[in-house]
Amino acid sequence: MAERGSAPTAPKLVLETDGDTRILVPGRDYHVGRDPDGDVVLDDPRVSWHHAVIRPAGDSWMLHDMGSTNGTFVNGRQVRQWGIGPGSVIRFGHAEQGPCARLSSAEAPTGVYRAPPMSAPAATGTFRHPTSVRSLPHRTIHIGRASDNDLVVSDLLVSRHHAELRSLPDGGYEIVDLHSHNGTYLDGQRVDRAVVHPGDIIDVGHAVFRLVGDELQEFTDTGEVSLNVRDLSVRVGGGGKVLLDDISFPVGEKCLLAVVGPSGSGKSTLLNALTGLRPADQGTVLYDGRDLYREYADLRQRIGLVPQDDILHQQLPVGRALSYAAELRFPGDTAKEERQARVDEVIAELGLEARVRQPVHTLSGGQRKRVSVALELLTKPSLLFLDEPTSGLDPGMDRSVMTMLRELADDGRTVIVVTHSVLSLEVCDRLLVMAPGGRMAYYGPPSKTLSFFGFRQWPEAFEAFEHEENRDWAGQYEASPLYDEYIAAALEPAGPEAPAELEPLEPPKPQGWGGQLWTLVRRYTASLAADRTFLAIMVALPFVMGGMARALAGGGLGRNNALNVLLILCVGSVLTGAANAVRELVKERVIYQRERAVGLSRSAYLASKVVVLGLVTIAQAVVLTMVALVGVRLRPQGGSGVLMPPLLEITLAVALLAFTSMMLGLLISALVRKEEVTMPLLVLLAIVQVVFCGALLPLHGVPGLEQLAWLVPSRWALGAMAATLDLHAITPGTVTSDPLFRSVPSMWLLDMGMLVVLSAVFGLVVTRLLRRQEPAVMRR
């Protein structure tokens, strides 16, 4: 990264617009436009969304027009770039009638806003200079996104009425969360109500507030943050194998850092430690001076993570996929227009306008990666991590993705990318090379890396990592001048040690449970409807199995065919239900893990699968039964079933068996690691259902087999259907004399009840398995 000069010496200025006053302090840029998330918001149609930027330049300030439609004017003159200071009058969109901004010295009285008496402590990191300072009246201060609040925070992560800062009788204040969706944080810990002491930090979305005397200082996270990593170590097996060994390095603002190294060198482990998904056993990660592990519940909202696998539903068009993601990540009180405006902005930022209606699975690898990045940018993260974004891409796509990351960093983010590719490392500011054993072999500019190692090409370096096992790569770097320049001199003073044990974290819920369920159901339904192959199989399977049963049943069920017809119905319903669900969790595992980390409810996610797949499965079971048995004489002597008409009872048994098999399919899907193994397991499941249903061999009274069969759903479904038909009367024999086949109400209800119990048990097991797949920091 380009070396930074001395700190800006531009004077503090007061910027006055219609109804608003803001202090400009050196050290950051101020964006002007209609964007609600900008620094100076001008709600006028003549003003562009991103109209202009005011930034310090040495000992003065510069105004830069950002290619606005209607222009920027200083003292009546249209400018593209112009020096400004006290007394300057700026108009946006029109030389005489456009919205006006006036600049004056910060030393002059300006009402309730004035130059801060002190800057924020190091604990607030990038918020070193207040955006504004407000004198606190002795009353309640309302904070939120809506315009009727006393403190309006233009951030879609903030609820319309988010929190209140209430004065206390003794002159102090307390912060009260108003049941906000993303929570209110005091010194990094989520609170519902807490007393605020002088110097405490209040976090509301991307805004930070701090009490200093009778003043409330506001700091805005602009995304230009630093990251300081100190002494990270990770071991597995109770202090056994070392995955990370004492890793320390700094990452500056607007920096693009690439992490490379041979397989097994700890790159993925480092990524998990930096994002907080799997905290290091020792060491600290400081997000602009704030301990990431201690304040993870708050800071994780400012971290974006793009895994190696795509985190979007492949069948959905790009626009709809991003819209559903926005619904899940933003508060439930966010208007549809607000969400869509943010989606459109991200699409434009990444140049995806031509891909909005194109299904994700039809995009090229590089374009899919852009869409995954767009999803993470919805919430404006300050830190963006990417795991192998160029894996499998050709050199041209590799270059395109890395150039995109360079632009994202230049726009005011810190970007860290783990990669195997060395084709475009020159666009990075810093390069971290990991050596076998989880140690750091190099950290510094990419241009100096190969010369430091003594090689001319990267393949030579990677071969050396593999063959020179006794070479002390980390020791060589630590003894070099590069270590002193880029590590020792650049790291901030050590922060507090991370706690040995972290409290379990409940992720913030951007929507209520019902809102998440409704969004997930609509998204999942849309995804299934777009998968034509899956639709064709779902429609065809019950007709095929039902037709087979119909051909065997003929005009009626009798001694020669009744048991076989019921067996086909069991197999058909088992295959229908299990085939629907057996891939659905494993294929979305990466998506679930990422969405869970940013607030997805585990139970809402599972419920959406059960609702959608359950309705589809029950509909298939009804079709299967109708095709097989409508018009067929079910009982030779006529009469009703146990409690209801025979066809209705059999339909209920087939539907409940299909639903239970669907739940068993979800269990298998949650249990396996790869989607490829689900089909063999589906075949095995069908075989087990046939063998242990009780139609082929007697199970009653056989120790071990009888008890094992209790866990097989088809055992109970066949019993219920046999009870409906009074199968023993139709086909006397050892098999049909099974007590579970008795045609009495109590036995039919037991058979049906056990299917309900098995469904519930399978659901509970799936919930536990989903929990095991969540980030480690949530399971501690």
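All heavy atoms count here, side chains included; hydrogens, waters and symmetry mates do not. Start at 1 with the first residue, then count along the sequence. Please read these numbers as outputs of a predicted model, since none were measured by experiment.
Sparse packing is recorded around CH2 of Trp82, with 12 or fewer heavy atoms of other residues, nucleotides or ligands lying under 6.0 Å away.
Side chain of Gln516 to main chain of Ser601: a donor-acceptor pair is present (N/O by atom type, distance under 3.5 Å, no hydrogens or angles). The closest donor-acceptor contact from the side chain of Ser669 to the backbone of Val586 lies under 3.5 Å. The main-chain N or O of Phe73 is never found under 3.5 Å from a side-chain atom of Arg91 such that the two would form a donor-acceptor pair. Using a distance-only test at 3.5 Å, with no hydrogens or angles considered, no donor-acceptor pair links the side chain of His50 to the main chain of Arg34. Proximity of a side-chain donor or acceptor of Ser400 to a complementary backbone N or O of Gly396 within less than 3.5 Å is not detected. Judged by distance alone, with hydrogens and angles left aside, the side-chain atoms of Arg355 form no donor-acceptor pair with the main-chain N or O of Val371 at under 3.5 Å.
When each of Val259, Leu257, Leu256 is paired with Val417, the side chain to side chain contact (heavy atoms under 4.5 Å, CB included) condition holds for Leu256 and for no other. For the side chain to side chain contact (heavy atoms under 4.5 Å, CB included) with Arg302, the qualifying choice from Leu292, Asp203, Leu157 is Asp203, the only one to do so.
Considering only heavy atoms from C-beta on, Val356 stays 4.5 Å or farther from Leu352 through its side chain. Under the 4.5 Å side-chain criterion, counting only non-hydrogen atoms from C-beta, Tyr486 is in contact with Arg430. No side-chain heavy atom of Arg278 sits less than 4.5 Å from a side-chain heavy atom of Thr269. Here the side chains of Ser48 and Met66 are not in contact, with every heavy-atom distance at 4.5 Å or above. The closest side-chain heavy-atom distance from Glu349 to Leu408 is below 4.5 Å. Looking at Thr72 and Val32, their side chains never come closer than 4.5 Å, going by heavy atoms from C-beta outward. Annotation: side chain of Ser323 is not in contact with side chain of Arg339 (no heavy-atom distance under 4.5 Å). Contact of the Pro26 side chain with the Trp61 side chain is registered, since non-hydrogen atoms from C-beta on lie closer than 4.5 Å.
Every residue meeting the side-chain contact (heavy atoms from CB on, under 4.5 Å) condition with Ser265, not counting sequence neighbours, appears here in chain and number order: Pro262, Lys267, Met434. Applying the ring-ring contact (aromatic ring centres under 6.0 Å, His included) test to Phe534 and every residue at least two apart in sequence or in another chain returns nothing. Residues passing the side-chain contact (heavy atoms from CB on, under 4.5 Å) test with Glu338 are Arg145, Leu156, Arg160, Thr334, Ala335, sequence neighbours excluded. A search for ring-ring contact (aromatic ring centres under 6.0 Å, His included) contacts involving His313 returns nothing, not counting sequence neighbours. Val422 meets the side-chain contact (heavy atoms from CB on, under 4.5 Å) test with Leu425, Trp458, Phe462; sequence neighbours excluded. Residues meeting the salt bridge (charged side-chain N to carboxylate O under 4.0 Å, His left out) test with Glu675, sequence neighbours left out: Arg583. With sequence neighbours excluded, the residues satisfying ring-ring contact (aromatic ring centres under 6.0 Å, His included) with Tyr592 are Tyr605. Residues that satisfy the side chain to side chain donor-acceptor pair (under 3.5 Å) test with Asn70, not counting sequence neighbours, are absent from this structure. Legend: residues meeting side chain to side chain donor-acceptor pair (under 3.5 Å) with Ser68, ordered by chain and number and at least two apart, are His51, Asp65. Shown here are the side-chain contact (heavy atoms from CB on, under 4.5 Å) partners of Glu376, two or more places apart in sequence or in another chain: Val306, Ile311, Arg329, Leu384, Arg594.
From Gln78, atom CD reaches atom CZ of Arg80 across 6.5 Å, with rounding to the nearest 0.5 Å. Rounded to the nearest 0.5 angstrom, Ser372 OG and Gln308 CD are separated by 11.5 Å. Going from atom CZ of Arg406 over to atom NZ of Lys254 covers 10.0 Å, rounded to the nearest 0.5 Å. Distance CG/Asn272 to CG/Asp387: 8.0 Å, rounded to 0.5 Å. Atoms CG and OG, on Leu227 and Ser382 in that order, are 11.0 Å from each other to the nearest 0.5 Å. Interatomic distance, Thr379 OG1 to His206 NE2, rounded to the nearest 0.5 Å: 6.0 Å.
A pairwise comparison of heavy atoms in Leu405 and Pro389 identifies CD1-CG, 4.4 Å as the closest pair. In terms of heavy atoms, Glu584 sits closest to Leu528 at OE1-CD2, 4.2 Å. Leu377 and Arg342 make their closest contact through O-NH2, 2.6 Å (heavy atoms, listed as atom of the first residue, atom of the second, distance). The heavy-atom pair separating Ala52 from Leu63 by the smallest distance is CB-CD1, 4.1 Å. Residue Tyr524 comes nearest to Ser608 through the heavy atom pair CD2-O, 4.1 Å, listed as atom of the first residue, atom of the second, then distance. Between Asn228 and Pro250 the shortest heavy-atom distance is OD1-CB, 3.8 Å.
Both tests pass for Arg28 against the ring of Tyr30: distance under 6.0 Å to the centre and angle within 45° of the axis.
Sorted by first then second residue, the salt bridge (charged side-chain N to carboxylate O under 4.0 Å, His left out) pairs that include residues 515-524, not counting sequence neighbours, are Glu327-Arg522, Arg523-Glu595. Listed by first and then second residue, the salt bridge (charged side-chain N to carboxylate O under 4.0 Å, His left out) pairs that reach into residues 358-371 are Asp310-Arg368, sequence neighbours excluded.
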Val318/Leu363 under side chain to side chain contact (heavy atoms under 4.5 Å, CB included): CA gap, chis, key distance, verdict: CA-CA 9 Å; Val318 170; Leu363 299 175; 3.7 Å; yes
Residues Ile591, Leu312; criterion side chain to side chain contact (heavy atoms under 4.5 Å, CB included); working and verdict: CA-CA 7 Å; Ile591 299 175; Leu312 290 160; 5.7 Å; no
